[in-house]
Amino acid sequence: MPGEKLPLSFFSDYDTRTLAQKLLGCELVHESPDGLTSGMIVETEAYLQDDPACHAFNRRTTRTEPMYGIAGTVYVYLIYGMYQCFNIVSNAEGTGEAVLIRALQPTAGIELMEMRRLVRPGKAPGMSPTGKVTLKELCRGPGKLVQAMGIERDKHNATLLSGDTLYLRSPVAAPQAITSGPRVGINVGRELPYRYYIKDNIFVSKG
DNA sequence: GTACGGATAGTCT
DNA sequence: GACTATCCGTACC
């Protein structure tokens, strides 16, 4: 049913690359103490066990442990020492694969997202005269969407996406054309076309 | 509109 | 001690 909370089984129904495409058009919802925010997933990247760009490519460590959990586990990692990236673990338990969520099209809680994304006053790309970033820039990038959605590190290794404060809803309408290409910002494995996004959607981080 | 330098910290070798 | 890869702010066109 369109718009329904997705059961945990959804995440184990597909292999990682298929899941990365199935997630496009789904709505990520966070019911935080500050209020509800949500956005439609418009851009994802798949990270596979045999893929050198995958955090779980090398041996199993404490940091990547959640990646080996059941499909639907949340994996949040720190990048550049300043930003977080939000991933949904995929494939069978014991396999270290995940889908990185790279961009959202905001659907609810816009004002709250703007508050969370406030940067210091001044001129910057995508910033309106009022000091708020534009709608287009709110969730256009993995670090930005984590900030806008208010996803904290306590969500790391959360066991469920359904029935909790952070969950997904099935697409209201099937996404239009899906395009794939090289993943963003990585060196190793850059030749693998594991990035998927909704064609011509302006909320995608890179066309 | 594009280009690039700086900030930053956890993880593993 | 090496390695990692995003956002912001300034510069410039």
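All heavy atoms count here, side chains included; hydrogens, waters and symmetry mates do not. Per chain, numbering begins at 1; letters A, B, ... match sequence-line order.
- If you take CZ of A:Arg63 and C1' of B:dT11, they are 6 Å apart, rounded to a whole angstrom.
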Could you walk me through whether A:Arg169 and A:Glu4 pass salt bridge (Lys or Arg N to Asp or Glu O under 4.0 Å), step by step? CA-CA 5 Å; A:Arg169 284 205 280 252; A:Glu4 275 201 341; over 6 Å; no

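- At least one side-chain nitrogen or oxygen of A:Arg59 sits closer than 4.0 Å to the OP1 or OP2 atom of B:dT13.
- In this structure, a donor-acceptor pair under 3.5 Å is absent between the side chains of A:Ser90 and A:Glu97.
- For the pair A:Asn58 CG and C:dA2 P, the interatomic distance rounds to 19 Å; values are reported in whole Å.
- Cation-pi geometry between A:Arg195 and A:Tyr197 is met: the NZ or CZ atom falls under 6.0 Å from the ring centre, inside 45° of the normal.
- The side chain of A:Leu78 sits closest to B:dA9 out of B:dT8, B:dA9, C:dT6.
- Remark: A:Arg183 qualifies as a cation-pi partner of A:Tyr47 under the 6.0 Å distance and 45° angle criteria applied to the six-membered ring.
- Residue A:Arg190 is out of contact with every strand shown, counting any heavy-atom pair closer than 4.0 Å.
- Of all nucleotides present, none satisfies the Watson-Crick or G-U wobble test against B:dT8 with each distance under 3.5 Å.
- For A:Ile79, counting side-chain heavy atoms from C-beta on, the closest listed nucleotide (C:dA5, C:dC7, B:dT11) is C:dA5.
- Side-chain proximity of A:Asn187 to B:dC12, C:dA5, C:dT6: nearest is C:dA5.
- Aromatic stacking of A:Tyr80 on B:dA9: not satisfied for centres closer than 5.5 Å together with planes under 30 degrees.
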